[in-house]
Amino acid sequence: MVMNSKSTRNILLVTALAAVSVLSACGGGNDKNNNAGSSTNGGTTGSADKEVTLRLFSNLPDRKSGQGLAEQMVIDNYIKANPNVKIDIETLAEEPFKNKLKAYMASNEALDVTMVHGGAELNTLVQAGYVKELNPAEYEGDTYKFLPGVYKSFTFNDKLYGLPRNSDYEVIYYNKKLFDDNGIKIPTTYAELLEAGKQFRAKGIEPMSMNGKDLWSFAAFFQDLVVRLTGDQNLMLDAVAKKKNFTGDENFTKAAELLAQARDTKLFQESFMTADYGASQNLFTQGRAAMWYMGSWEAGMATNDKLPEDFRNNVNVLKFPVVEGGKGKDTDLLAWNGGGYSLVSSSKHPEEAKKFFDYMMSADQWAKIVWDTGAAVPAQKYELTGKESELQKQLTEVLTGATSTAGSIALDSGTPKFKDDAQNAFGKFFAGGSTPEQLLADLQKAAETQ
Amino acid sequence: MQKVFNNKMAIFLFVFPGILLFALTFLVPIVLSAYYSFRDTLSPGTPSAFIGFANYTELLFHDSRFWLALRNAVLLGLGFILIQHPIAIFFAIMLDRLGGKAEKWFRTIFFIPCVISVVVISKMWLSLLDPTFGAFNKMLDSLGLGFLKHAWLGDGSTALVSMLFILIWAGFGWGLLFYYAGLKGIPDDMYEAASLDGASGFRLHWRITVPLLSPVITVQITLAMITALKQMETVFLTTNGGPGDSTQFLAVYLYNKAFSASQYGYANAISILFIIVCLLATYLSNKLTRSDATEF
């Protein structure tokens with residue numbers, strides 16, 4: 001066996017070059033059409049006979065239950081009414097979806113309609129000119145029935161770039177049976193929540209399930225604590241916008257200390273730092289965790305027949321508990337409009353895409369279907385049917401009883417860089433390393449360098 | 001034939017498609033990457049501004065996460081070289097001496113982790129190491145070692161070690177395969193001659209096997225370094241660099257900067273430094289392990 005060292009080296013160098021080219025840069029065109037095009041959209045009859053295939057990109061891979069089913073029903077309705085249109089749906093779970101959408105944006109992929117996350121994520125798409133501007137005047141009135149103030153996370157420089165699909169708010173889902181069977185009081189204050197956590201842990205039951213790998217839930221939990229302490233929905237948003245400081249503020253310090261208590265008393269499941277959305281949900285829906293900190297878009301759990309019946313009958317909603325001595329009430333709701341849809345600028349069938357988009361967003365399609373199937377709480381006015389699940393009724397009560405709302409989630413109110421840095425700060429905090437002061441210093445730095 | 005090779009046009013025609021493919025798939029992306037690394041941009045196609053070396057100075061002098069990711073990659077490389085490869089050589093020697101059917105069986109068994117998809121490996125280890133339901137903690141319990149139970153991948157203090165273990169385990173089969181093939185190429189009379197001279201056991205392998213395997217070892221060390229540096233999939237699928245950066249690796253970090261934090265220019269600066277680090281590692285490992293090839 002003879003090895004010529006020179007040629008070996010050359011081969012290795014080439015291999016190395018080949019091995020390291022991970023990030024393939026794609027040249028995107030700068031020729032994007034960024035017009036709203038609202039005035040040119042008079043012709044709805046023009047393309048009635050032409051076969052068209054529209055591409056929809058969505059973050060709802062489960063097409064058989066919950067919001068995925070609702071989305072599919074809207075699509076099926078549209079295809080029935082417009083037989084010349086085919087809709088090609090691509091779906092990915094939450095985090096992979098976000099990443100792939102950025103890759104699509106970078107290569108200016110000709111999608112027609114895409115699901116978007118309001119705030120920082122959508123802001124990137126807007127800056128890239130990948131999504132179309134919409135005319136808010138078109139979406140006024142009885143066809144759409146959007147609730148007031150729901151465009152906040154979809155508006156940049158006073159221009160609207162997408163429509164929200166849900167009213168999102170954070171609640172604590174809990175399994176009533178686990179509380180009852182173990183004789184544990186359903187918490188109304190933060191101290192009681194921590195106490196319930198200790199009791200569940202002593203009985204070998206995971207108290208609260210958390211999707212810690214995704215990190216954003218920590219930021220929402222922290223924002224909830226800040227609001228409960230101060231009663232001020234704007235404080236954290238102002239700090240992200242650099243109008244206030246995270247550091248040297250006694251409210252933030254107190255909130256961070258309360259957050260540390262949740263960490264130190266092991267309120268969350270043991271595997272919380274490696275649990276993604278699905279893993280944290282499974283833990284709760286399989287009755288292995290007593291609570292789940294998640295958003296109102298999970299209303300469909302109560303009607304999802306794939307879940308154990310015992311669980312479905314016992315899932316309930318809890319408002320985030322008040323903090324002793326805090327100025328906030330339990331009706332100060334961390335609510336915003338996160339998910340929605342946008343039209344893509346590079347669409348090959350802009351007129352057909354808009355027609356479908358408008359159809360989907362009309363009050364008798366997405367909003368009605370998502371409510372009637374019990375999948376989520378829409379961002380549009382909806383009629384009660386009388387057939388609502390217990391979970392839906394409780395969620396409605398939380399929303400209608402809210403005395404103040406946040407309007408946006410602090411993590412998404414800055415730049416994507418802020419979001420990444422802030423999430424990393426929470427990750428460091430929960431992985432055991434840092435102190436409350438360190439967390440606030442990291443958040444401050446993230447806000448300043450965004 | 002001679003005529004064909006004298007014709008410059010013919011040579012060009014033969015070589016050009018290959019060169020073109022190489023240029024389009026490797027050189028052009030690297031050049032584009034270098035271009036973007038000097039700019040501040042969210043992604044290609046968005047407004048971008050030339051900012052000189054700002055991305056690089058930020059990376060090199062202010063970004064502790066980058067250095068942490070690099071350190072972890074180097075640790076992984078050392079883990080490969082100092083733990084995985086010696087074990088692989090040891091097992092290759094054992095396997096070689098086993099002979100017969102058993103040799104074939106074990107050869108297959110050891111290679112199984114390399115055949116399983118990375119996604120399956122990642123999910124499998126996630127559930128094996130799950131603190132509540134994981135088989136590993138259950139095993140500790142049944143052995144009476146319950147006090148050692150731990151959130152292996154979920155705790156900052158053990159996540160890196162657990163991750164290194166998974167990666168070393170997953171890549172073990174490849175190392176074994178190479179060394180095993182190398183061993184098969186060493187003629188038996190070398191061992192016979194050495195035994196006649198009185199060498200046996202460990203000494204025999206230290207003096208005969210290891211030196212004769214040195215060309216394989218050289219290549220393997222270089223590949224191990226590069227594998228460690230560009231480690232991405234398993235980390236991304238298990239911890240995504242967390243908890244709290246404790247398993248952050250270069251490729252995961254650069255991916256998240258590009259696609260989660262929308263710092264595309266910055267991510268490209270990382271990728272350029274990444275290439276430089278890989279080339280440097282290749283050069284160094286060649287330099288350090290270079291020895292005159294033995295002929296036999």
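Proteins come first, then strands; the chains are lettered A, B, ... in the order of their sequence lines, and each starts at number 1.
In the displayed structure, A:W216 atom CH2 is contacted under 6.0 Å by more than 12 heavy atoms of other residues, nucleotides or ligands. Enclosure of atom CZ in A:F156 by more than 12 non-hydrogen atoms of other residues, nucleotides or ligands within 6.0 angstrom is indicated. Surrounding CZ of A:F57 are more than 12 heavy atoms belonging to other residues, nucleotides or ligands, all under 6.0 Å away. For B:R65, the CZ atom sits in a packed shell: over 12 heavy atoms of surrounding residues, nucleotides or ligands are nearer than 6.0 Å. For CZ of B:F165, the number of neighbouring non-hydrogen atoms (other residues, nucleotides, ligands) closer than 6.0 Å is 12 at most.
Nearest heavy-atom pair, B:P243 versus A:M273, reported as atom, atom and distance to 0.1 Å: CB-CE, 3.4 Å. In this structure, B:S262 and A:K102 approach most closely via the heavy-atom pair OG-CE, 3.2 Å. The two residues B:F259 and A:N99 make their nearest non-hydrogen contact at O-OD1, 3.6 Å.
Proximity to chain B involves both the backbone and the side chain of A:A103, based on heavy atoms less than 4.5 angstrom apart. Proximity to chain A is limited to the backbone of B:L237, based on heavy atoms less than 4.5 angstrom apart. For a residue to count as touching a neighbouring chain, one of its non-hydrogen atoms must lie under 4.5 Å from one of that chain's; by this rule B:L126 touches chain A with the side chain only. B:K123 touches chain A through its side chain: at least one heavy atom from C-beta onward sits under 4.5 Å away, while N, CA, C and O do not. At a 4.5 Å heavy-atom cutoff, the contact between B:F133 and chain A is made by side-chain atoms alone. Using a 4.5 Å cut-off between heavy atoms, B:S260 touches chain A through backbone and side chain atoms alike. Contacts of A:L283 with chain B are made by side-chain atoms alone, with heavy-atom separations under 4.5 Å and no backbone atom involved. Heavy-atom distances place the side chain of A:K213, and not its backbone, under 4.5 Å from chain B. For a residue to count as touching a neighbouring chain, one of its non-hydrogen atoms must lie under 4.5 Å from one of that chain's; by this rule B:T238 touches chain A with the backbone only. A:E206 touches chain B through its side chain: at least one heavy atom from C-beta onward sits under 4.5 Å away, while N, CA, C and O do not. In this structure, the portions of B:N240 lying under 4.5 Å from any heavy atom of chain A include both its backbone and its side chain.
Within the model, atoms OG of A:S271 and CG of B:L153 stand 10.5 Å from one another, a figure rounded to the nearest 0.5 Å.
A salt bridge links A:D420 with B:K257; the closest basic N to acidic carboxylate O contact falls under 4.0 Å.
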ask   = Does the pair A:Q269 and B:T132 meet the rule for a side chain to side chain contact (heavy atoms under 4.5 Å, CB included), with working shown?
value = CA-CA 8 Å; A:Q269 81 270 32; B:T132 326; 5.6 Å; no

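Among A:A425, A:G427, A:A279, A:G204, the residue making the largest number of heavy-atom pairs under 4.5 Å with chain B is A:G427.
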